[in-house]
Amino acid sequence: MKTNFNHIQSIYWVFTQLCNDNCDHCYNDSSPFGKRISEKDCLAIIANLPDKIDRLILSGGEPIAEKKLLFVILDHIKERYGNSVQIMLQTNGDLLNKEVLQILIDKGVTRFDIASIDRYHKKAGSRLMELADIFESCGVNGTEKDPLLEGGHYLAENPLSWGYWGANEDMWLGGNWARGKAMKHNIWKKDPNHNFCTILSGARNFLGGYDDIPQEISIQLWRINPCCPGTHFPMGDARKQKVATVLERASKNAVFKALNDGEPLKMGESLGVNRKKAAEKNEELQNICLYCDYFLKCHKNSIFDKNGIKELP
Ligand code: SF4
Ligand code: SF4
């Protein structure tokens, strides 16, 4: 595990849950009525990020639905990090046009991921060729069209590239997190053997130490999480706490160390909950993230105090 948390490979930041779409499977409740945070909060979060970040993925909601705030964020990221961070934008692409794309490029975005090419989104992928033309017209023509899901895929050689994907029966919809609208609409993955935690977007490697996937955390609006689904209690508040300090605290806590290993069933070992007992509860709840929620709620006072994550050998 790392000891210097002032350098992180990847941060996935959902800075808005406002979205022009309203998909049934959306894990974070984004919609035209989705939650938003203020510009002041966003600037406080930028000031609290680690000193060195290799890649920053800005997402939502739909980031372009909050264009003005997105531009302010990009300006402040540039001011703080110069060109040392690769900025990626995850968007449904619905609101993207040539003018907006050129501004985003000028403000430092080098990678665009269209995450809506499927039948579950409003436009059902129908804009793909139009988007291809828009990217081509602005010189965004890197050859990497696949989703950036594999370990080494960051700091790409080509400075400007785009890719696309969508929900299908295997990914996102197939492995749908028990969160947000997916939970409300009862389309979450009911399979106790499916361990989201150990794959990219899960908690594995959020503290570093593994080299098969990037060290990545997510910030959901302001909630600092080890993973994209988000733990029931966040690790910290990025508006008020330095992310590096929060990660350092997590690195001294046995529960979060088990999550870093992608092993939620072992998160209770230091608190007398063995793997067998955890597996039984997980079987009952049918989903590893629901087990994780249950465990954190049961042991909140052993894991957290008023300053955040406690030391727990
Ligand atoms: S899945 Fe994406 S496009 Fe659909 S509501 Fe959520 S953020 Fe918006
Ligand atoms: S098990 Fe917990 S830490 Fe792991 S992905 Fe699910 S919510 Fe995140």
Side-chain angles (χ1 to χ4, degrees), residues 12 14-35 58-66 89-96 113-125 127 165-167 171-173 175-185 187-189 192 194-207 213 216-218 220 223-235 250 253 255-268 278 281-282 285 287-297 303 309:
Y12 184 91
V14 168
F15 71 89
T16 181
Q17 289 171 346
L18 183 72
C19 188
N20 60 303
D21 211 338
N22 196 356
C23 309
D24 280 357
H25 67 284
C26 188
Y27 79 99
N28 68 10
D29 269 329
S30 293
S31 77
F33 313 101
K35 283 189 195 146
L58 294 171
S59 187
E62 172 45 48
I64 301 174
E66 283 241 55
L89 191 79
Q90 193 172 310
T91 166
N92 63 25
D94 294 357
L95 309 172
L96 192 65
D113 282 286
I114 309 295
S116 65
I117 306 306
D118 58 53
R119 64 195 165 94
Y120 307 101
H121 285 79
K122 199 176 351 194
K123 297 206 185 280
R127 270 203 97 202
W165 72 82
M171 226 175 80
W172 308 135
L173 206 75
N176 225 2
W177 299 324
R179 293 287 184 267
K181 280 184 270 173
M183 190 77 183
K184 280 181 208 143
H185 293 129
I187 49 172
W188 51 283
K189 177 97 172 169
H194 187 92
N195 185 2
F196 303 90
C197 206
T198 202
I199 53 181
L200 187 66
S201 302
R204 181 177 152 84
N205 206 29
F206 82 98
L207 295 169
I213 51 175
E216 182 169 280
I217 59 161
S218 87
Q220 194 70 229
R223 299 162 70 94
I224 307 172
N225 294 313
C227 57
C228 285
T231 41
H232 186 78
F233 303 108
M235 297 192 295
N253 181 292
V255 170
F256 285 92
K257 283 200 267 188
L259 295 177
N260 187 55
D261 295 334
E263 301 258 26
L265 294 182
K266 292 189 180 168
M267 68 202 284
K281 194 69 194 175
N282 182 43
L285 295 170
N287 181 290
I288 196 72
C289 297
L290 294 184
Y291 170 70
C292 178
D293 295 348
Y294 167 83
F295 178 85
L296 290 179
K297 280 188 261 184
I303 302 166
I309 299 171

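We count ligands from 1, going down the list as the structure has it; atoms in each ligand are counted the same way.
Panel note: side chain N260, backbone F206; a donor-acceptor pair is recorded below 3.5 Å. The closest donor-acceptor contact from the side chain of K189 to the backbone of A178 lies at 3.5 Å or more, if one exists at all. Side chain of N176 to backbone of A182: no donor-acceptor contact under 3.5 angstrom is found. Using a distance-only test at 3.5 Å, with no hydrogens or angles considered, no donor-acceptor pair links the side chain of N22 to the main chain of S31.
Counting only heavy atoms from C-beta outward, the side chains of M267 and L259 approach each other to under 4.5 Å.
Using a 4.0 Å cut-off to heavy atoms of A203, the atoms of ligand 2 that qualify are 3 (S). In summary, the atoms of ligand 1 found under 4.0 Å from a heavy atom of S30, numbered by their order in the structure, are 5 (S), 6 (Fe), 7 (S). Of all atoms in ligand 2, listed by their number and element, those nearer than 4.0 Å to a heavy atom of T231 are 3 (S). Shown in contact with G61 at under 4.0 Å from a heavy atom are these atoms of ligand 1, numbered in order with element: 7 (S). For ligand 2, the atoms lying closer than 4.0 Å to a non-hydrogen atom of P264 are 1 (S). Set against the non-hydrogen atoms of G230, the atoms of ligand 2 under 4.0 Å away are 7 (S). When each atom of ligand 1 is checked for a heavy atom of D21 under 4.0 Å away, the hits are 3 (S), 5 (S).
The residues D24 and K184 are annotated as not salt-bridged, no charged nitrogen and carboxylate oxygen being separated by less than 4.0 angstrom.
At least one N/O/S atom of C26, whether from backbone or side chain, sits less than 2.8 Å from atom 6 (Fe) of ligand 1. Taking backbone and side chain together, C227 holds an N, O or S atom under 2.8 Å from atom 8 (Fe) of ligand 2.
Of all the heavy atoms of R179, the ones lying under 4.0 Å from any atom of ligand 2 belong exclusively to the side chain. Contacts between C19 and ligand 1 below 4.0 angstrom, taking non-hydrogen atoms only, involve the side chain exclusively. Residue N92 touches ligand 1 through its side chain alone, judged by heavy-atom distances below 4.0 Å.
Among protein heavy atoms, atom 4 (Fe) of ligand 2 sits closest to C197 SG, 2.3 Å. Of the protein's non-hydrogen atoms, C289 SG, 2.4 Å is the one closest to atom 6 (Fe) of ligand 2. Nearest non-hydrogen protein atom to atom 5 (S) of ligand 1 is C23 N, 3.4 Å. Of the protein's non-hydrogen atoms, C292 SG, 2.5 Å is the one closest to atom 2 (Fe) of ligand 2. For atom 3 (S) of ligand 1, the closest heavy atom belonging to the protein is H121 CD2, 3.3 Å.
A ring-centre distance under 6.0 Å is found for H194 and F196.
Exactly one of E66, E62, K35 qualifies for a side-chain hydrogen bond (donor to acceptor under 3.5 Å, both in side chains) with T16. That residue is E66.
Annotation for Y294: atom OH does not count as buried by contact number, only 12 or fewer foreign heavy atoms lying within 6.0 Å.
Distance CD1/I64 to CG/L18: 12.5 Å, rounded to 0.5 Å.
Taking a 4.0 Å cut-off on heavy atoms, C228 fails to register as neighbouring ligand 2.
Listed here is the closest heavy atom pair of S116 and N92: OG-O, 2.7 Å.
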